[in-house]
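Take a look at the structure below.
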Amino acid sequence: MRIAMFLKDENMRTLNAESMRVLIFSTKDDAVTGMEEHRLYNKNPNYLSVWLLNKRIDIIYIREADENVVNFFRKMDISVKSYEDLKDNQFLRSFLL
C-alpha cells in the first residue's frame with residue numbers, strides 16, 4: 001500500500017513560493033518499507049490526480065477533506081483521510097509535529 005501525506009511547506013514561505021510537501025510511504029504488513037519526499041507547486045486537481053495515479057497512491061492524508069474532494073478521488077480508487085484520522089496511527093502522526 002502507498003500512502004501520501006500532504007503537508008504545507010513552511011520553509012518555502014520565506015521565498016514566497018506556494019508549495020506542498022508530500023511524503024509518500026510504502027507499507028507492507030503494517031511496516032514501512034520505503035519513504036519518498038516531493039514538493040509540488042501545481043495545486044490543480046487534475047494535475048494532482050494524474051500525479052497520484054502515476055505514484056500508485058492508495059490513500060491520501062490532507063488537512064481537511066470535504067465531500068467533493070472525497071468523491072473526486074474515490075472515482076480513482078484513492079481513499080481520502082483527514083489529519084483527524086491519524087489519531088490511531090502513531091507513526092504517521094509524528095510527521096505532523
Side-chain angles (χ1 to χ4, degrees):
M1 177 181 300
R2 296 197 23 109
I3 301 167
M5 253 180 127
F6 284 81
L7 307 169
K8 189 168 186 174
D9 192 343
E10 298 295 333
N11 294 333
M12 295 301 290
R13 266 191 171 186
T14 58
L15 301 175
N16 292 325
E18 286 291 321
S19 70
M20 291 182 291
R21 183 173 166 218
V22 183
L23 300 177
I24 298 176
F25 301 95
S26 299
T27 63
K28 184 175 183 178
D29 300 326
D30 293 329
V32 175
T33 59
M35 184 178 126
E36 304 170 25
E37 180 177 0
H38 299 272
R39 295 192 193 281
L40 300 178
Y41 298 94
N42 189 339
K43 295 181 182 181
N44 179 293
N46 293 323
Y47 173 83
L48 291 175
S49 62
V50 171
W51 186 83
L52 290 167
L53 289 172
N54 283 335
K55 293 291 183 182
R56 301 180 333 271
I57 301 300
D58 301 298
I59 301 171
I60 62 172
Y61 283 94
I62 56 177
R63 182 165 295 187
E64 296 174 355
D66 66 21
E67 195 63 30
N68 291 333
V69 171
V70 171
N71 289 333
F72 180 79
F73 288 107
R74 185 181 295 149
K75 292 175 186 175
M76 294 172 273
D77 291 327
I78 298 173
S79 297
V80 178
K81 297 187 178 191
S82 70
Y83 289 175
E84 189 70 24
D85 296 322
L86 290 172
K87 285 181 182 178
D88 299 329
N89 191 320
Q90 191 65 24
F91 175 76
L92 293 177
R93 186 176 169 187
S94 65
F95 286 93
L96 294 178
L97 301 176

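Each residue takes its place number in the sequence, starting with 1.
- Summarising the geometry of Ile62 relative to Glu64, their closest heavy-atom pair is CD1-O, 3.1 Å, with the distance given to 0.1 Å.
- In this structure, the separation between OG1 on Thr27 and CE on Met1 is 5.5 Å, given to the nearest 0.5 Å.
- When every heavy atom of Ile57 is checked against every heavy atom of Ile78, the shortest pair comes out as O-CG1, 3.5 Å.
- Residues meeting the side-chain contact (heavy atoms from CB on, under 4.5 Å) test with Asn68, sequence neighbours left out: Asp66.
- With sequence neighbours excluded, the residues that form a salt bridge (charged side-chain N to carboxylate O under 4.0 Å, His left out) with Glu37 are Arg21, Arg39.
- The minimum heavy-atom distance linking Met35 with Leu23 is given by the pair CE-CD2, 4.1 Å.
- Not counting sequence neighbours, the partners of Glu84 by the side chain to side chain donor-acceptor pair (under 3.5 Å) test are Lys87.
- Atom CE of Met76 has more than 12 heavy atoms from other residues, nucleotides or ligands within 6.0 Å.
- Note that CD1 of Ile60 is 14.0 Å distant from CZ of Arg2, once rounded to the nearest 0.5 Å.
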Which atom pairs, one a donor and one an acceptor, fall under 3.5 Å between side chains of residues 47-56 and the rest of the protein, sequence neighbours left out?
residue	atom	partner	partner atom	Å
Ser49	OG	Pro45	O	3.2
Ser49	OG	Asn46	O	2.8
Asn54	ND2	Val50	O	3.4

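- No side-chain heavy atom of Val80 sits less than 4.5 Å from a side-chain heavy atom of Phe72.
- For the pair Ser26 (side chain) and Thr33 (backbone), a donor-acceptor distance under 3.5 Å is absent.
- Residues passing the side-chain contact (heavy atoms from CB on, under 4.5 Å) test with Ser79, sequence neighbours excluded: Ile59.
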